[in-house]
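Taking it in order: structure first as structure tokens, then the write-up.
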Amino acid sequence: MRYDLVIFDNDGVLVDSEPISNRLLAGYLTELGHPTSYEDSLRDYMGGAMHRVHDLVLERTGRRLPSDFDDVFHGRVFAAFERELEPVPGAVDVLEKLAADGVAYCVASSGSHELIRTGHHRTGLDRWFDDERIFSSQDVGRGKPAPDLFLHAAERMGVAPQRCVVVEDSPLGVQAAVAAGMDVYGFTAMTPADRLAGATRLFGDMGELADLVLA
């Protein structure tokens, strides 16, 4: 099936940010008295919006995170991105091939608009994404695993859900895409394949993606 729209997750799919963000998130939560390992952060929060962090901490401990938690965390992430962030290997080639073939694409991320743009600017991916191609969990009431963000992106891009394919690397993202009635290709570079078992198909090298979605 040839798709009319490719919807990319951002973190871990286009920009190699998951190791940075989850390392910092685990460290900050631990600093605040909520011991969290890097592996814990990947398991519990990867692919989710910030409200998921607040909700799980409150549910597990009965304590709320500080009111400035998001601002402090994002400040640390932005600083680290400026030093360390790179595009996911193969992502630029995929975007070039989609653009050359006239296939519509966009990004739909749990991250904020500011975080998405910061990452794209740092990695040079901003040339591929104008404002009309960027969608954030900030734009909808519920983040992943709810389908709202992907449905919003498809509606704004003028494509029916069944004509879309989502590229995701997190279980929450795969759940959201399935709930939206979209095919989803699970990227296994960082996530074990068994955690993305609900995906339409799995792949481990971003360089393979163009051939898969343009077939």
Side-chain angles (χ1 to χ4, degrees), residues 8-81 84-85 88 107-116 118-119 135-153 166-180 182 184 186-199 202:
F8 290 94
D9 176 42
N10 190 55
D11 297 295
V13 170
L14 294 174
V15 296
D16 197 15
S17 54
E18 292 291 9
I20 300 170
S21 298
N22 283 281
R23 183 187 77 230
L24 293 173
L25 180 57
Y28 189 25
L29 287 171
T30 300
E31 180 184 319
L32 293 172
H34 305 287
T36 305
S37 69
Y38 173 72
E39 292 74 20
D40 293 336
S41 185
L42 289 176
R43 182 195 65 228
D44 294 340
Y45 305 121
M46 182 175 165
M50 286 303 294
H51 69 76
R52 179 176 175 83
V53 182
H54 290 265
D55 292 346
L56 282 183
V57 169
L58 179 60
E59 177 185 318
R60 290 170 174 174
T61 70
R63 296 162 50 199
R64 295 187 182 278
L65 291 170
S67 59
D68 63 349
F69 179 87
D70 291 11
D71 290 339
V72 172
F73 174 64
H74 285 144
R76 295 181 183 187
V77 170
F78 294 152
F81 278 8
E84 305 174 42
L85 190 63
V88 167
V107 60
S109 171
S110 293
S112 67
H113 279 283
E114 184 181 11
L115 191 64
I116 297 167
T118 297
F135 305 99
S136 161
S137 61
Q138 290 178 314
D139 303 330
V140 295
R142 299 180 300 167
K144 305 170 190 177
D148 304 35
L149 176 56
F150 291 141
L151 292 173
H152 172 70
V166 175
V167 184
E168 265 287 355
D169 69 333
S170 76
L172 294 175
V174 169
Q175 292 173 45
V178 170
M182 301 176 181
V184 53
F187 183 41
T188 61
M190 273 195 62
T191 307
D194 61 338
R195 297 198 66 213
L196 302 178
L202 301 172

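Sequence positions, counted from 1, serve as the residue numbers for this chain. For clarity, every value in this text was computed on a predicted model and none was experimentally measured.
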Ignoring hydrogens, what is the shortest heavy-atom contact between [X] and [Y]? Give both atom names and the distance.
X    : Y    : answer
G47  : S170 : CA-OG, 3.5 Å
A177 : V184 : CB-CB, 3.6 Å
S17  : G12  : OG-N, 3.8 Å
A176 : A146 : CB-O, 3.3 Å
S136 : I116 : CB-CD1, 4.1 Å
F150 : A180 : CB-CB, 4.2 Å

Measuring from [X]:[atom1] to [Y]:[atom2], what's the distance to the nearest 0.5 Å?
X    : Y    : atom1 : atom2 : result
L196 : F187 : CG    : CZ    : 10.5 Å
M182 : L151 : CE    : CG    : 5.0 Å
S41  : R23  : OG    : CZ    : 11.5 Å
N22  : L42  : CG    : CG    : 4.5 Å
L25  : T30  : CG    : OG1   : 9.0 Å
H51  : L56  : NE2   : CG    : 10.0 Å

Does [X] reach the side chain of [Y], with side-chain heavy atoms less than 4.5 Å apart?
X    : Y    : answer
V15  : F81  : no
V88  : V13  : no
N10  : F135 : no
T191 : E18  : no
L32  : V57  : no
M50  : S110 : no

### Query
Judged by atom type as modelled, is there a donor-acceptor pair below 3.5 Å linking the side chain of H74 to the main-chain atoms of D70?
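Judged by distance alone, yes, a pair lies under 3.5 Å.
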### Query
Quick one: do R52 and D55 make a salt bridge, cutoff under 4.0 Å?
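Looking at D55 together with R52, the answer is no, because their closest N to O distance does not fall below 4.0 Å.
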### Message
Run E114 and F78 through side chain to side chain contact (heavy atoms under 4.5 Å, CB included) and show every step you take.
### Response
CA-CA 9 Å; E114 184 181 11; F78 294 152; 3.6 Å; yes
### Task
List the steps and the verdict of side chain to side chain contact (heavy atoms under 4.5 Å, CB included) for H34 and R63.
CA-CA 10 Å; H34 305 287; R63 296 162 50 199; 3.6 Å; yes
### Query
Can you check side chain to side chain contact (heavy atoms under 4.5 Å, CB included) on V77 and F73, steps first, answer last?
CA-CA 6 Å; V77 170; F73 174 64; 3.5 Å; yes
### Task
Starting from the C-alpha separation in whole Å, work towards a yes-or-no answer on side chain to side chain contact (heavy atoms under 4.5 Å, CB included) for M46 and D169.
CA-CA 9 Å; M46 182 175 165; D169 69 333; 3.1 Å; yes
